[in-house]
Amino acid sequence: MARRRQIYEGKAKILYEGPEPGTIIQYFKDDATAFNAQKKGEIAGKGVINNRISERIFTALGGIGVPTHFIKRLNMREQLVREVEIVPLEVIVRNYAAGTIAKRLGLTEGERLPRTVIEYCYKKDELGDPLVSEEHIACFGWASQEEMNDIADMAIRINDFMSGMFAGIGIKLVDFKLEFGRLWDNDFSRIILADEISPDSCRLWDAETDKKLDKDRFRQDLGDVADAYQEVARRLGLLKDDKGEEGAVLDFDEHRNKRGK
Ligand code: CDP
């Protein structure tokens with residue numbers, strides 16, 4: 001049997017050619033990077049958890065009518081998705097001040113923003129993904145006005161849905177990053193949600209204590225990174241919790257599992 005073809009290796013995922021034309025397999029790695037890959041590490045079991053968390057969120061978003069690239073989860077670390085042409089923008093949705101906006105505008109981390117803010121960054125690692133305006137996006141033709149309208153509408157709907165979903169499990173959705181792609185059908189294309197949504201791409205704080213349950217634990221060396229990701233999965237009902245209630249049990253060590261230990 002021929003070995004499947006690797007299309008791309010990113011910081012947290014590998015993309016392989018899918019079984020049918022127009023499909024791709026996303027493989028979730030345990031690798032973690034921050035500060036434009038200046039900081040590198042590994043979070044044990046992260047790929048397995050992010051695969052499941054992202055599956056849950058994309059499936060739920062599909063259920064409320066947001067078009068996404070997600071087709072199905074294949075196994076612990078892989079999911080089958082539709083091949084899209086990625087729009088070279090990181091779409092950041094913010095409800096509370098944190099990260100770069102807090103630094104840039106001198107806001108206190110955790111401060112509720114007067115309203116939800118959407119920001120766009122140009123996806124270009126060499127430049128450190130600079131913040132851009134809609135003027136730049138139009139000027140350089142990164143996306144059309146119609147596509148930008150669809151992207152902004154979807155970002156707001158996704159934020160409304162996800163804020164409610166996380167609030168229901170005692171988590172504050174501080175901010176998150178989305179990526180969109182064009183799905184081509186002959187000469188026509190439409191915008192769909194792509195990439196992943198996970199604690200790698202969201203800031204998630206415990207609603208009571210403000211404890212960080214996301215990649216900031218890795219960025220800021222706060223410790224217990226894998227535990228925080230597991231906590232999010234557990235609250236989403238993706239992990240068997242302490243009381244041994246029913247739920248899909250995640251196995252964080254596939255190799256150990258294969259050896260039957
Ligand atoms: O987090 P950072 O300081 O790099 O940048 P930010 O603009 O404050 O990030 C806003 C949100 O987008 C956070 O939830 C980040 O985790 C996420 N993000 C991401 O997933 N990937 C990036 N390349 C940049 C931000």
Side-chain angles (χ1 to χ4, degrees), residues 8-13 26 28-41 43 46-47 49-51 53-54 57-58 61 69 86-113 115-133 136-137 142 151-152 154-156 158-159 161-163 165-167 171-181 193-207 210-222 225 228-229 231-232:
Y8 175 79
E9 174 153 11
K11 287 170 263 183
K13 292 190 293 294
Q26 285 202 127
F28 288 76
K29 300 192 280 185
D30 284 350
D31 298 1
T33 63
F35 312 117
N36 203 17
Q38 285 173 49
K39 179 180 170 122
K40 290 193 176 119
I43 302 170
K46 171 174 85 79
I49 300 182
N50 282 359
N51 187 19
I53 293 177
S54 202
I57 296 175
F58 273 66
L61 289 172
H69 75 161
I86 289 284
V87 174
L89 297 173
E90 303 211 327
V91 178
I92 295 172
V93 182
R94 301 181 183 276
N95 297 308
Y96 298 84
T100 52
I101 198 175
K103 224 164 143 191
R104 215 181 318 116
L105 303 182
L107 306 173
T108 310
E109 192 180 64
E111 192 180 314
R112 183 98 165 103
L113 298 173
R115 46 163 276 185
T116 298
V117 173
I118 304 183
E119 290 176 352
Y120 303 101
C121 294
Y122 178 43
K123 249 174 89 72
K124 200 79 174 161
D125 280 342
E126 307 91 279
L127 303 176
D129 301 334
L131 183 70
V132 293
S133 72
H136 298 111
I137 297 168
W142 295 322
I151 287 173
M154 279 191 246
I156 293 296
I158 294 166
N159 183 48
F161 176 81
M162 280 180 36
S163 294
M165 184 186 81
F166 280 116
I171 290 175
K172 206 151 69 174
L173 180 60
V174 172
D175 59 31
F176 58 98
K177 186 253 320 183
L178 301 171
E179 291 188 27
F180 293 89
L193 181 66
D195 195 45
E196 68 172 293
I197 301 180
S198 70
D200 268 7
S201 61
C202 302
R203 284 198 170 91
L204 304 169
W205 293 7
D206 179 86
D210 279 350
K211 180 181 174 186
K212 295 176 174 158
L213 302 172
D214 55 57
K215 205 167 95 174
D216 271 351
R217 300 203 74 81
F218 169 76
R219 292 190 187 95
Q220 299 168 9
D221 293 317
L222 298 175
V225 191
Y229 281 59
E231 175 66 16
V232 176

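Just so you know, these numbers use all the heavy atoms, side chains as well, and skip hydrogens, waters and symmetry mates. Note that ligands are numbered from 1 as they come in the structure, with each ligand's atoms numbered from 1 the same way.
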Basic-acidic side-chain contact under 4.0 Å: D200, K177
no
Before accepting this row, confirm whether a basic side-chain N of the pair R203/D175 lies closer than 4.0 Å to the acidic partner's carboxylate O.
yes
State, with a plain yes or no, whether a side-chain heavy atom of V87 is found less than 4.5 Å away from one of E179.
no
Could you check if a side-chain atom of I197 sits within less than 4.5 angstrom of a side-chain atom of L61, using non-hydrogen atoms only?
yes
By number and element, which atoms of ligand 1 are closer than 4.0 Å to a non-hydrogen atom of I92?
7 (O), 10 (C)
Going by the angle between their ring planes, with limits at 30° and 60°, are Y122 and W142 parallel, tilted or perpendicular?
parallel
Using a 4.0 Å heavy-atom cut-off, say whether R94 meets ligand 1 through its side chain, its backbone, both or neither.
side chain
For R219, the atoms of ligand 1 under 4.0 Å from one of its heavy atoms are 1 (O), 15 (C), 16 (O)
Taking heavy atoms and a distance under 4.0 Å, where does C202 meet ligand 1: side chain, backbone, both or neither?
backbone
Quick note on ligand 1: atoms under 4.0 Å from a heavy atom of D129 include exactly 23 (N)
Proximal ligand 1 atoms for D200, defined as those under 4.0 Å from one of its heavy atoms:
16 (O), 20 (O)
Is the closest heavy atom of K215 to ligand 1 under 4.0 Å?
no
Can you tell me which portion of D216 lies within the under-4.0 Å heavy-atom range of ligand 1? Options are side chain, backbone, both, or neither.
neither
Atom 21 (N) of ligand 1 has as its nearest protein heavy atom K177 CE, 3.4 Å
